[in-house]
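Data block below; observations after.
Nothing fancy with the numbering, it's 1 onward along the sequence. Values reported hereafter were calculated over all heavy atoms of this structure, with side chains retained and with hydrogens, waters and symmetry mates removed.
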Amino acid sequence: VPQVRAALTALKEQADFSVAREGGVKREDLFAVQGWLPSEAAVDLKAELTARGMAVAVQSLKPGPEEEPPTLIHLPKWARPVDALLRMLGTVPGYREFDVSIPFLLALPLFTALLISDGGYGALLLLVPLLLYRQVSRLIGARFAQLLMLVGAAALLWGVITGTFFGFTLYTPLISVDLTESSRVFMMWLSFTLGAVHLSIAQLWRSVHAWPDLRWLTGVGWALFIWGMYGVVNMFVLHAPMGWNTPWPYLLLTGAALAIGFANPGRNIAKSLALGVAQFPLSMLSAFSDVISYVRLMAEGLASSVLAVSFNEMAFSTDSQLLTGIVLVLGHSLNMGLALIAMFAHGVRLNMLEFSSNLGMQWTGYA
């Protein structure tokens, strides 16, 4: 009976509203409009309409919890190049989700620099859009041209560190990217370290967003657990020490306790713990695979570096200068094209999948 009465009340309210609406709409001088607009535009809406000779009543309401308004993101000028990438991917965060534009902009050039691993390619990506800005902007858009310049600058800086330009090592590098054991071990360690930093930032950001709900402790727990998994990955892949004299087991235990204990906080502690335990195994495996997934930075960077060297060896193994030039141009063009594909296939993936999943992004929004 209470449910029927509630439904009857709702229907009466709906009927009264329909009468009022239809009565107003049938008069030419009276009408109502409802829709979404940015909060800063709502402040001056009444004054603007009044200035146009309209007698208006304006009511501004914040979106209700059950409503899903469109998402409008205001980026600072220096961060706008990443908008070209997000528009191309067609991804829009939900109204209550995170704006990941700036984290993407900071991480993507860094990851792409490691994927390219050649200062010569970086110089081309920087200088061609810079010197031919109008032509390149007309071809791919101004913001995407700016994004390529940022990626090129990062790749050029990494090339200076590794001493490699178009497959030639011009001087003794600070960091070598080649097939030697020491180089591969260091680059894998660097990739895993960047991965742990990247993923833990996502979890801590999610934790700050959840404050003061007790679920913020879950984010802290997963951030700690990811660093514990970082130790596990180093043990399996790089044969690094893993024992009670290292911090990794303690990070795993502390992180797991927080992740399980505060995943579903409630008065029924037993139920909360049971739900936390049930959710933990898949999330634990995901944390392991997410950290180890960053090894692609080492693998793709090493592949790009080795291909550049191989094309040089092929080119200079012939006595024909014409053939040498053709092999150099075609070979390095192919390698650079593969590096750009790697930027989308791997650099974007690490942001859109690993980072975003740890942040809890669903990408349910619309522009």
Side-chain angles (χ1 to χ4, degrees), residues 75-89 101-175 177 297 300-316 321-351:
L75 287 174
K77 286 186 178 181
W78 61 269
R80 288 176 186 172
V82 77
D83 185 54
L85 175 65
L86 297 176
R87 285 179 182 272
M88 184 181 68
L89 296 173
S101 305
I102 292 177
F104 277 27
L105 183 65
L106 297 176
L108 183 64
L110 173 61
F111 293 160
T112 308
L114 295 177
L115 292 167
I116 294 175
S117 282
D118 193 286
Y121 298 163
L124 285 178
L125 289 175
L126 172 62
L127 294 176
V128 171
L130 183 62
L131 298 176
L132 303 173
Y133 185 73
R134 290 184 178 180
Q135 294 87 333
V136 175
S137 295
R138 282 198 297 267
L139 185 64
I140 62 175
R143 292 185 179 178
F144 202 84
Q146 294 162 9
L147 182 62
L148 281 183
M149 286 190 283
L150 287 174
V151 168
L156 176 58
L157 178 60
W158 180 244
V160 170
I161 294 173
T162 60
T164 305
F165 293 84
F166 296 108
F168 296 101
T169 302
L170 302 183
Y171 48 84
T172 302
L174 295 174
I175 297 173
V177 180
L297 297 174
E300 290 292 333
L302 183 59
S304 177
S305 179
V306 170
L307 271 176
V309 172
S310 299
F311 282 127
N312 290 340
E313 291 175 351
M314 289 170 59
F316 290 105
Q321 292 183 349
L322 176 61
L323 190 57
T324 296
I326 292 174
V327 173
L328 285 175
V329 171
L330 293 181
H332 285 293
S333 297
L334 174 63
N335 198 23
M336 190 171 175
L338 292 173
L340 288 176
I341 292 174
M343 179 180 80
F344 290 100
H346 302 292
V348 172
R349 175 217 160 95
L350 292 174
N351 283 290

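His346 and Glu300 make their closest contact through NE2-OE2, 3.2 Å (heavy atoms, listed as atom of the first residue, atom of the second, distance). Contact record, Phe166 with Asp118: N-OD1, 2.7 Å, taken as the closest heavy-atom pair. Ile116 approaches Ala339 most closely through the heavy-atom pair CG1-CB, 3.7 Å. Scanning both residues, Ala308 and His332, for their nearest heavy atoms gives O-CE1, 3.8 Å. Residues Leu108 and Gly347 come closest through the heavy atom pair CD1-C, 3.7 Å. Nearest heavy atom pair, residue Leu302 against residue Val177, reads CA-CG1, 4.3 Å.
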Pairs of donor and acceptor atoms involving the side chains of residues 144-162, under 3.5 Å and at least two apart or interchain, shall be tabulated with distances.
unit_1 : atom_1 : unit_2 : atom_2 : d
Gln146 : NE2    : Tyr133 : OH     : 2.7
Trp158 : NE1    : Ser117 : OG     : 3.4
Thr162 : OG1    : Trp158 : O      : 3.1
Thr162 : OG1    : Gly159 : O      : 3.3

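Between Phe311 and Leu328, the closest side-chain pair of non-hydrogen atoms is not below 4.5 Å.
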Discussion item. Evaluate Phe111 against Val348 for side chain to side chain contact (heavy atoms under 4.5 Å, CB included), listing each step before the verdict.
Written reply: CA-CA 9 Å; Phe111 293 160; Val348 172; over 6 Å; no
Query raised in the report: Would Ser304 and Leu115 satisfy side chain to side chain contact (heavy atoms under 4.5 Å, CB included), going step by step from the backbone distance to the final call?
Result: CA-CA 7 Å; Ser304 177; Leu115 292 167; over 6 Å; no
*Could you check Trp78 against Leu105 for side chain to side chain contact (heavy atoms under 4.5 Å, CB included), going step by step and ending with a plain yes or no?*
CA-CA 10 Å; Trp78 61 269; Leu105 183 65; 3.9 Å; yes
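Checked against side chain to side chain donor-acceptor pair (under 3.5 Å), Arg138 has no partners two or more places apart in sequence or in another chain.
Going from atom OG1 of Thr324 over to atom CG of Asn312 covers 10.5 Å, rounded to the nearest 0.5 Å.
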